[in-house]
Amino acid sequence: MKKTVLFAIVLAVIVLWIGSGFDVPSPLPPGAASETMATDSRAGFVGIPTAGRVREVTAYNVGVGSQADDTPCLGATGEDLCRLVARGLKVCAANFVAPETILNIEGYGECVVLDRMHRRFSHRVDIAMREDEIDRALQFGLQRRHVKVTPGRP
């Protein structure tokens with residue numbers, strides 16, 4: 001009985017730790033440390049490597065009310081995300097960087113942060129897809145990918 005309770009407690013701690021948003025820094029290639037040190041006074045980070053981190057990446061469909069609030073095409077920056085995604089701009093949502101920051105997602109490319117997510121997903125990146133790509137977003141699911149913050153703005 002005591003072993004079962006102890007196992008349940010350990011399992012609960014592991015599940016809570018995994019869901020806490022704790023990010024594991026991705027390893028830097030040899031000799032890259034000096035090149036990847038940056039100062040970002042906007043976010044208050046000084047001397048943190050910008051080589052990237054492995055983060056949870058998901059996908060959502062702009063314009064679908066069940067996946068957003070009462071204004072599904074309006075992003076957190078006030079932009080019409082439905083129009084921008086239809087034009088081919090790669091848009092994403094993230095809370096750990098400032099709006100209009102460019103993120104480079106492994107296997108996807110660069111996207112511009114124009115939307116936000118619920119605060120419980122502060123460690124994730126959510127890729128915006130067109131309204132007619134619901135199956136594609138579902139198939140994308142939840143993935144762990146290397147995400148790098150690209151200096152500069154669009």
Side-chain angles (χ1 to χ4, degrees), residues 14-15 17-154:
I14 291 171
V15 168
W17 178 72
I18 290 173
S20 70
F22 178 77
D23 292 324
V24 179
S26 64
L28 297 174
S34 61
E35 299 171 6
T36 59
M37 297 303 280
T39 301
D40 188 354
S41 59
R42 255 188 0 251
F45 298 118
V46 178
I48 294 177
T50 57
R53 293 181 179 261
V54 176
R55 295 190 178 269
E56 292 179 348
V57 181
T58 55
Y60 74 106
N61 302 96
V62 294
V64 177
S66 63
Q67 298 182 28
D69 59 11
D70 56 343
T71 55
C73 283
L74 187 64
T77 59
E79 299 283 340
D80 183 348
L81 300 183
C82 293
R83 183 176 53 85
L84 294 174
V85 171
R87 287 184 175 176
L89 181 67
K90 290 184 176 181
V91 175
C92 56
N95 296 355
F96 59 91
V97 292
E100 298 181 6
T101 299
I102 300 170
L103 299 179
N104 190 324
I105 302 171
E106 172 190 12
Y108 180 74
E110 290 186 342
C111 65
V112 182
V113 177
L114 296 177
D115 208 0
R116 294 292 193 199
M117 298 167 51
H118 189 279
R119 62 187 160 132
R120 73 177 176 259
F121 301 121
S122 62
H123 58 287
R124 281 188 184 174
V125 178
D126 209 5
I127 296 171
M129 295 186 178
R130 292 190 320 263
E131 189 173 0
D132 62 349
E133 295 181 311
I134 293 175
D135 289 336
R136 182 175 169 222
L138 288 171
Q139 184 180 16
F140 188 88
L142 173 69
Q143 300 181 16
R144 294 190 58 79
R145 294 196 180 187
H146 185 265
V147 177
K148 179 182 176 189
V149 178
T150 304
R153 293 189 172 205

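Index from 1, following the sequence.
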CA sep, side-chain torsions, deciding dist, call: Asp126, Asp115, side chain to side chain contact (heavy atoms under 4.5 Å, CB included): CA-CA 9 Å; Asp126 209 5; Asp115 208 0; over 6 Å; no

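- Partners of Arg136 under the side chain to side chain donor-acceptor pair (under 3.5 Å) rule, at least two apart in sequence or in another chain, are Glu133.
- Glu110 is linked by a side chain to side chain donor-acceptor pair (under 3.5 Å) to nothing, counting only residues two or more places apart in sequence or in another chain.
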Arg55/Arg144 under side chain to side chain contact (heavy atoms under 4.5 Å, CB included): CA gap, chis, key distance, verdict: CA-CA 5 Å; Arg55 295 190 178 269; Arg144 294 190 58 79; over 6 Å; no

In a table with atom names and distances, give each donor-acceptor pair under 3.5 Å that connects a side chain of residues 84-96 to protein atoms at least two apart or in another chain.
from, atom 1, to, atom 2, distance (Å)
Lys90, NZ, Tyr108, O, 2.5
Asn95, OD1, Met117, N, 2.9
Asn95, ND2, Met117, O, 2.9

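- Between the Arg53 side chain and the Val147 main chain, no donor and acceptor come within less than 3.5 Å of each other.
- Not counting sequence neighbours, the partners of Asp132 by the salt bridge (charged side-chain N to carboxylate O under 4.0 Å, His left out) test are Arg130.
- For the pair Leu103/Val125, a side-chain contact is recorded, criterion being any heavy-atom separation below 4.5 Å from C-beta on.
- Residues passing the salt bridge (charged side-chain N to carboxylate O under 4.0 Å, His left out) test with Arg124, sequence neighbours excluded: Glu56.
- Remark: Gln143 pairs with Phe140, Arg145 by the side-chain contact (heavy atoms from CB on, under 4.5 Å) rule, at least two apart or across chains.
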Derivation of the side chain to side chain contact (heavy atoms under 4.5 Å, CB included) call for Val62 and Tyr60: CA-CA 7 Å; Val62 294; Tyr60 74 106; 3.7 Å; yes

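- At least one side-chain heavy atom of Leu81 sits under 4.5 Å from a side-chain heavy atom of Leu114.
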